[in-house]
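Residue numbers start from 1 in every chain, and the chains themselves are labelled A, B, ... in the order their sequence lines are given, proteins ahead of strands. Predicted model only: the values in this text are computed from it and were never measured.
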Amino acid sequence: MNYWLMKSEPTTYSIDDLKHDKKTSWEGVRNYQARNFMRDQMKVGDLVLFYHSNAEPPGVVGIAKVCKLAHPDRAAWDPQSKYFDEKASPKNPIWMMVDIEFVEKFSHFVSLEELKKTKGLESMMVLQKGSRLSVQPVSQEHFEKVTKLGKN
DNA sequence: GCCAACGTTGGC
DNA sequence: GCCAACGTTGGC
């Protein structure tokens, strides 16, 4: 079983949206590295730290779970979609997404600042300078540490 | 709103 | 295949 961190801007899609929807397709990833993680490594049951980026303040707000393996992101060939990519088509989807379901919203919001201050999390990818990847792997140890903070 | 860091594009 | 120009991300 693998652990992940996925970023979303709360003005676009927040943990409360996921809680309301119960589950969602993670559409709109347009970065090859992030796509490859979803396509090649995510398994049903993998747990995800749900991260609010471009937020005030940014941080981890809860947990989601992968509930469907990667499948084509149809928004890529929908000209009406803001995620439209003219190179994508049903025959050549290019972009993939997994589905995730709501697990929990933390009782304690774990801000980026708190992550930075917590001993043992220094090597988390999200804390590295210039790290912009919106889908990233997290070690089990880091996942458990962050989850513990969130349940405080 | 600024801007550093990073990814992508396209001319050569 | 290099790399400058451009676009995007995301913290501040």
Side-chain angles (χ1 to χ4, degrees), chain A residues 2-21 24-42 46-66 70-100 102-139 141-150 152:
Chain A
N2 297 310
Y3 300 90
W4 306 94
L5 180 145
M6 291 167 92
K7 298 179 186 173
S8 183
E9 302 195 10
T11 52
T12 303
Y13 197 84
S14 71
I15 187 85
D16 292 322
D17 293 322
L18 181 62
K19 184 176 185 181
H20 173 264
D21 295 343
T24 194
S25 292
W26 203 250
E27 68 169 21
V29 171
R30 296 292 176 268
N31 170 283
Y32 288 105
Q33 217 182 332
R35 178 205 65 183
N36 292 348
F37 279 132
M38 289 197 289
R39 185 190 63 189
D40 304 334
Q41 295 192 43
M42 279 197 185
D46 283 1
L47 293 175
V48 177
L49 296 174
F50 197 106
Y51 181 92
H52 280 176
S53 62
N54 242 317
E56 190 48 57
V60 180
V61 286
I63 298 175
K65 186 198 287 190
V66 176
H71 53 105
D73 182 347
R74 308 172 61 88
W77 59 82
D78 173 6
Q80 307 303 322
S81 171
K82 64 172 171 172
Y83 303 121
F84 178 65
D85 177 351
E86 59 180 9
K87 295 201 236 26
S89 67
K91 279 212 160 148
N92 179 29
I94 303 181
W95 303 111
M96 311 278 283
M97 60 189 176
V98 295
D99 290 4
I100 61 170
F102 178 80
V103 174
E104 69 170 290
K105 182 177 176 177
F106 284 156
S107 51
H108 170 78
F109 167 72
V110 185
S111 69
L112 177 61
E113 188 185 7
E114 186 172 358
L115 291 176
K116 284 177 179 169
K117 285 191 308 201
T118 303
K119 271 229 153 39
L121 296 181
E122 295 85 355
S123 61
M124 270 189 90
M125 194 181 285
V126 74
L127 300 183
Q128 306 312 304
K129 192 176 175 182
S131 166
R132 307 189 320 189
L133 202 57
S134 65
V135 176
Q136 40 180 275
V138 172
S139 72
E141 182 193 351
H142 289 162
F143 182 90
E144 284 168 0
K145 271 209 164 76
V146 175
T147 301
K148 202 168 172 186
L149 292 173
N152 272 347

A.B. asks: Which parts of residues 71-80 of chain A get close to DNA chain B, meaning a heavy atom less than 4.0 angstrom away?
C.D. replies: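 Heavy-atom cutoff 4.0 Å gives no residues at all.
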A.B. asks: What residues form a ring-ring contact (aromatic ring centres under 6.0 Å, His included) with A:His142, not counting sequence neighbours?
C.D. replies: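 Partners of A:His142 by the ring-ring contact (aromatic ring centres under 6.0 Å, His included) criterion come out as none, since no residue qualifies.
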A.B. asks: Which ones in residues 125-136 of chain A lie close to DNA chain B, meaning a heavy atom under 4.0 Å from one of its atoms?
C.D. replies: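 Those residues are A:Lys129, A:Gly130, A:Arg132.
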A.B. asks: Looking at A:Lys148 and A:Glu144, is any side-chain nitrogen of the basic one under 4.0 Å from a carboxylate oxygen of the acidic one?
C.D. replies: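 A salt bridge is absent here (no side-chain N lies under 4.0 Å from a carboxylate O).
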A.B. asks: Who passes side chain to side chain contact (heavy atoms under 4.5 Å, CB included) against A:Asp40, sequence neighbours left out?
C.D. replies: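 For A:Asp40 the side chain to side chain contact (heavy atoms under 4.5 Å, CB included) partners, ignoring immediate neighbours, are A:Asn36.
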A.B. asks: Within the 4.0 Å heavy-atom criterion, would you say A:Lys82 contacts the bases, only the backbone, or no part of the nucleic acid?
C.D. replies: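 Answer is nothing: A:Lys82 stays at 4.0 Å or more from every strand.
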A.B. asks: Carefully, step by step, assess A:Val29 and A:Met6 under the rule side-chain contact (heavy atoms from CB on, under 4.5 Å).
C.D. replies: CA-CA 10 Å; A:Val29 171; A:Met6 291 167 92; over 6 Å; no
A.B. asks: Between A:Lys87 and A:Asn54, which has a closest nucleotide on DNA chain B that is more 5'?
C.D. replies: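 The answer here is A:Asn54.
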A.B. asks: Scan A:Asp85, A:Asp73, A:Asn31 and name whichever one has a side-chain hydrogen bond (donor to acceptor under 3.5 Å, both in side chains) with A:Trp95.
C.D. replies: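 Among the candidates, only A:Asp85 passes.
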A.B. asks: Is there a donor in the side chain of A:Ser89 and an acceptor in the side chain of A:Asn92, or the other way round, less than 3.5 Å apart?
C.D. replies: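 No, A:Asn92 and A:Ser89 have no side-chain donor paired with an acceptor closer than 3.5 Å.
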A.B. asks: How is the base pairing of DNA chain B summarised as a dot-bracket string, given the Watson-Crick and G-U wobble criteria with both distances under 3.5 Å, [ ] for crossing and | for another strand?
C.D. replies: ||||||||||||
A.B. asks: Would you compute the distance between atom CD of A:Glu114 and atom CG of A:Leu112 and round it to the nearest 0.5 angstrom?
C.D. replies: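 Here the rounded value is 10.5 Å.
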A.B. asks: When you list every nucleotide of DNA chain C with an atom under 4.0 Å from a heavy atom of chain A, which one comes first 5' to 3', and which comes last?
C.D. replies: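 Going 5' to 3' along DNA chain C, contacts run C:dG7 to C:dC12.
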A.B. asks: Applying the ring pair (Phe, Tyr, Trp, His ring centres under 6.0 Å) test to A:Trp26, which of A:Phe37, A:Phe50, A:Trp4 qualifies?
C.D. replies: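 Testing A:Trp26 for a ring pair (Phe, Tyr, Trp, His ring centres under 6.0 Å) against A:Phe37, A:Phe50, A:Trp4 leaves exactly one candidate, A:Phe50.
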